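Notes to accompany the following structure.
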Amino acid sequence: MESESFLVEMIKEEVFSPSADMCSFLPPSAYETAWVAMIPCPHRPPRPMFPKCLNWILRNQREDGFWGECRDAMDSLTATIACLVALKTWKVGHANIEQGLRFLNENMEKLLTEHHGGFPRWFVVVFPGMLELAHAKGLDVLPAEGCFKAVDDVLNKRNTILEMEQSSRGVQGYHPPSLFYLEALPASYRPKHERILGHQMEDGSLFHSPSATACAFMITGDAGFKEYLHGVVRRFCNFVPAMFPVDQDLIKLCLVDHLRQLGCGEHFANETHDLMDQIYSDWVIQDLQSCNIYALPLRIQKDALAFQLLRLHGYDVSPRKFCWFMDDEEMLIYIEENYSQFLVAMAGVYRAAHFMFPTEVELHNAKLFSEKILQKGSSGSDTRNNPAIKTDLQKQIEHELGLPWLARMDHLEHRMYLERSKGYNLQMGKTSSCSLLDSKFAIQLAAELFTNRQMLYESELEELKKWSKDSGLSSMGFGREKTAYCYFLIATAVTLPLQSDLRKVVARCAILVTVIDDFFDEKGSKDELESLTKAVQRWEGEGLSGHCKVIFDALDNLVRDISFKALSQHGYDAKSLLQDMKEIGGGKFNMVLLYVKENQGATEKDAIEHIRKIIERKEREFLEIYMDDTYAGVPNEWKELHLATFKSFRMLFDTTNSFDSPTALLGSINDAFYNPLVMDSRRTFSSKEATLLQPMKERWSHPRNECTDDDLLIKSGNRSESKDGTIPKNSRMLTMNINQRWSSNTWSISRRRSSTIALMSPCINSRVLANI
């Protein structure tokens with residue numbers, strides 16, 4: 001706990017204190033830094049004006065020979081060529097140049113071929129300019145003839161873009177002006193000094209772009225450009241970011257969301273609340289005007305993220321404030337044509353749409369549009385056939401599209417984000433996305449918190465298994481023994497406080513419900529079922545025997561335990577409420593058949609689609625109740641319990657019936673309770689951070705036996721072994737597909753099952769459970 005407290009305080013100082021420097025989280029841009037490094041010193045032209053930027057290039061070449069964040073991204077080509085030109089300009093780094101040329105020779109054709117036909121606009125303008133500059137410096141960056149056709153296509157597209165802008169006198173609708181890419185323009189298209197200076201911004205930059213500003217200074221010699229460049233290099237010491245300045249509130253919002261996804265958010269509740277108050281004040285007065293086109297992706301990302309976090313924290317916000325771009329048809333066309341520059345922003349819009357309320361049509365439309373953009377960004381055949389070359393952003397998009405928020409287990413989401421994340425994605429500047437640098441201590445804190453939870457969950461699961469065995473429920477000899485499944489669902493769906501007893505209470509109820517359900521459906525005779533039902537109605541187990549006695553005793557002891565805890569902890573006598581029951585009889589009609597019967601000509605497929613829409617509407621209604629601050633009088637644990645139940649059922653039956661499968665959840669259970677964290681090898685720490693991290697690494701890898709499917713089947717009681725220790729074929733049942741799951745058998749509720757619901761209704765009263 002001491003290490004946790006220390007890390008929390010360090011993060012508060014680093015992220016939330018008045019002296020916190022948000023710009024310290026901006027990552028370096030190899031492309032932008034290379035252009036700043038090319039500037040000659042006005043007083044000593046044979047030397048660079050910013051030698052520290054040149055040294056950064058020498059020291060930050062990747063092992064494979066490229067510069068940039070990802071070798072399989074398009075900007076690895078432009079960044080690498082720009083860095084080679086900078087080194088060649090000052091006649092240094094000959095070994096670096098050879099290694100960079102080797103990377104280009106081995107990878108340019110592959111990258112150009114993979115993206116052929118879908119080159120983003122920035123690449124079409126910048127890449128030819130870098131090729132021409134490299135050629136002028138005597139660098140042979142083009143490999144063999146294999147990529148000449150793709151290069152010619154890029155050159156032709158570049159010329160078309162420039163000719164169109166020239167003929168329209170600079171009016172390009174929603175496209176950034178060519179001056180945004182000044183450093184990459186051919187000499188014949190470079191404007192006169194007066195036009196360049198006419199676009200200079202108040203901070204002295206050209207569109208907040210270090211590369212364009214560097215080129216503008218080398219062309220004009222203007223003191224304002226020079227002062228801006230000196231300021232940026234002084235601010236970041238030896239590199240420059242893709243864009244500067246950047247909205248400080250956006251960076252802070254990203255960091256808050258980063259901490260939330262890491263599973264650390266609860267430790268910064270007060271600080272987050274203060275930030276949300278500030279963001280909400282700005283949100284209320286914010287107008288719907290569009291921004292400069294070069295900053296459009298950041299504006300959309302900020303608005304979507306602000307909406308998402310404000311709604312998650314109970315503020316009354318309208319999606320209208322961030323769906324403004326949906327009203328402009330030309331802007332939508334521009335986004336779709338240049339989708340690669342908007343993937344991060346559209347991922348933010350899609351995530352925000354997870355928290356849609358029933359009547360928010362504009363947010364629904366924004367979700368559909370963002371989904372279309374994201375599908376374009378993840379539809380490359382090469383990434384489908386070879387998942388190893390997917391970028392981190394593509395993996396994130398795939399996860400967003402593949403699993404609804406209401407079907408995600410928080411504990412596992414935290415693990416996945418912790419293991420995969422190398423910083424929060426931003427799309428700024430003129431090339432691809434970048435990742436904010438991690439808070440120095442966030443990864444350590446997240447790993448510590450996850451490991452502590454994992455150890456507690458493992459201990460609580462063992463305690464539940466012992467209870468299930470001692471009560472006789474795990475040795476009934478029929479039906480499903482789902483101790484591990486039931487505990488997994490309540491423990492991982494939401495992040496309940498560590499000290500909460502609610503996990504174990506709900507899991508015991510779920511285990512008992514499952515056993516009784518199977519007893520009523522499979523094992524019990526009519527006399528046994530009537531005898532057990534009457535015993536529960538009078539709450540007296542005298543005369544019961546066999547399975548009926550085991551079930552009643554387990555139910556009685558559970559009610560006594562809940563009642564005792566409610567009375568001792570809250571002074572609330574819950575026993576009479578728990579024992580109060582209502583008989584549910586008559587069963588229910590099959591929803592699919594009922595719809596077909598009442599709608600002449602409707603098919604089963606029509607009925608399923610109709611039911612899907614009902615479920616979607618009810619999900620939105622539930623989210624409105626869960627997130628709307630109007631219901632602030634409802635205790636938070638009550639809301640969390642309902643959310644956990646909702647998410648558990650959504651996950652279990654999202655595409656198949658996972659609960660009835662003895663193997664469907666085993667991998668998730670292993671990751672939740674047993675498997676140690678596997679941290680990404682590409683994440684690096686300073687020497688100070690490594691020292692702090694070492695004792696935590698020991699905890700992450702504390703001795704545990706990783707469970708195979710068969711091992712966990714035994715652990716969770718979901719394995720049926722024969723005498724020779726083999727697993728019968730019928731124990732590994734196949735899960736049903738969606739049509740089977742929504743068949744007439746699934747939607748009907750038999751009279752026996754309704755009796756089970758009646759029997760267990762006292763055990764699943766949220767008013768009682770949430771008070772524990």
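Along the sequence shown, residues carry numbers from 1. Every value quoted in this text rests on a predicted model; they were computed, and no experiment measured them.
A donor-acceptor pair is defined here as one N or O able to donate and one able to accept, closer than 3.5 Å; such a pair exists between the side chain of H642 and the backbone of W638. Of the possible polar contacts, one joining the T492 side chain to the F488 backbone as a donor-acceptor pair under 3.5 Å is found. Within the 3.5 Å criterion, the main-chain N or O of V678 finds a donor-acceptor partner in the side chain of E419. Of the possible donor and acceptor atoms, none in the side chain of E481 sits under 3.5 Å from a partner among the backbone N and O of M476.
One distance of note links CG of N557 with CZ of R508; it measures 8.0 Å at 0.5 Å rounding. For the atom pair OG of S661 and CG of L666, the computed distance is 7.5 Å after rounding to the nearest 0.5 Å. Distance check, rounded to the nearest 0.5 Å: CD of Q261 to CE of M416 gives 8.0 Å. Between the CD atom in E460 and the CG atom in L498 there is a gap of 8.5 Å [rounded to 0.5 Å]. How far CE of M627 is from CG of L643: 7.5 Å, rounded to the nearest 0.5 Å. Interatomic distance, CG of L262 versus CG of L445, reported as 8.5 Å (0.5 Å rounding).
Counting heavy atoms from C-beta outward, L489 and F649 have side chains that stay 4.5 Å or more apart. Counting heavy atoms from C-beta on, the side chains of L456 and R503 come closer than 4.5 Å. Looking only at side-chain heavy atoms (C-beta outward), H610 and N599 stay at 4.5 Å or farther from each other. Looking only at side-chain heavy atoms (C-beta outward), F520 and I551 stay at 4.5 Å or farther from each other. Within the 4.5 Å cutoff, no side-chain heavy atoms of L641 are placed close to those of L496. Between W467 and K504, every side-chain heavy-atom pair lies at or beyond the 4.5 Å cut-off. Residues L412 and S668 have side chains in contact (heavy-atom distance under 4.5 Å, counting atoms from C-beta outward). The shortest distance between side-chain heavy atoms of R415 and L418 does not fall below 4.5 Å.
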Dump the intermediate steps for side chain to side chain contact (heavy atoms under 4.5 Å, CB included) on Y417 and H258, then the final yes or no. CA-CA 9 Å; Y417 190 80; H258 184 56; 2.7 Å; yes
Could you go through the side chain to side chain contact (heavy atoms under 4.5 Å, CB included) check for L363 and F307 one step at a time? CA-CA 11 Å; L363 185 51; F307 170 83; 4.0 Å; yes
Output, in order, the C-alpha distance, side-chain angles, deciding distance and verdict of salt bridge (charged side-chain N to carboxylate O under 4.0 Å, His left out) for K647 and E413. CA-CA 13 Å; K647 293 179 78 170; E413 290 292 301; over 6 Å; no
Would L665 and M651 count as a side chain to side chain contact (heavy atoms under 4.5 Å, CB included) here? Give the steps. CA-CA 10 Å; L665 299 183; M651 183 275 295; 3.9 Å; yes
CA sep, side-chain torsions, deciding dist, call: H411, Y457, side chain to side chain contact (heavy atoms under 4.5 Å, CB included): CA-CA 11 Å; H411 184 58; Y457 292 168; 3.8 Å; yes
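Side-chain contact, H354 with Q308: no donor N or O sits under 3.5 Å from an acceptor N or O.
Salt-bridge formation is detected for the pair K465/E462: a Lys NZ or Arg NE/NH1/NH2 atom is positioned less than 4.0 Å from an Asp or Glu carboxylate oxygen. Classification of K367 and E616 as a salt-bridged pair fails, no side-chain N sitting under 4.0 Å from a carboxylate O. A salt bridge links R408 with E400: the distance from a Lys NZ or Arg NE/NH1/NH2 to an Asp or Glu carboxylate oxygen falls below 4.0 Å. Of the charged side-chain nitrogens involved, none lies within less than 4.0 Å of a carboxylate oxygen, so that K395 and E398 do not count as a salt-bridged pair. At a threshold of 4.0 Å, the pair D518-K523 does not count as salt-bridged, since none of the basic side-chain nitrogens sits closer than that to a carboxylate oxygen.
Looking at every heavy atom in both residues, S370 comes nearest to M346 through CB-O, 3.5 Å. When all heavy atoms of L512 and L555 are compared, the pair lying nearest together is CD2-CA, 3.6 Å. Here the shortest heavy-atom pairing between S468 and I511 reads OG-CG2, 4.3 Å. Between F450 and D671, the closest heavy-atom pair is CZ-O, 3.8 Å. Considering every non-hydrogen atom in both Y674 and L461, the closest pair reads OH-CD2, 3.5 Å. Listed here is the closest heavy atom pair of S471 and V550: O-CG1, 3.3 Å.
Note that R311 lies in the cation-pi zone of F357, set by a 6.0 Å cut-off to the ring centre and a 45° limit from the axis.
In terms of the ring-ring contact (aromatic ring centres under 6.0 Å, His included) criterion, Y424 has no residue partners (sequence neighbours excluded). For T603, the side chain to side chain contact (heavy atoms under 4.5 Å, CB included) partners two or more places apart in sequence, or in a different chain, are K605, D606.
Aromatic ring centroids of F646 and Y626 lie 6.0 Å or more apart.
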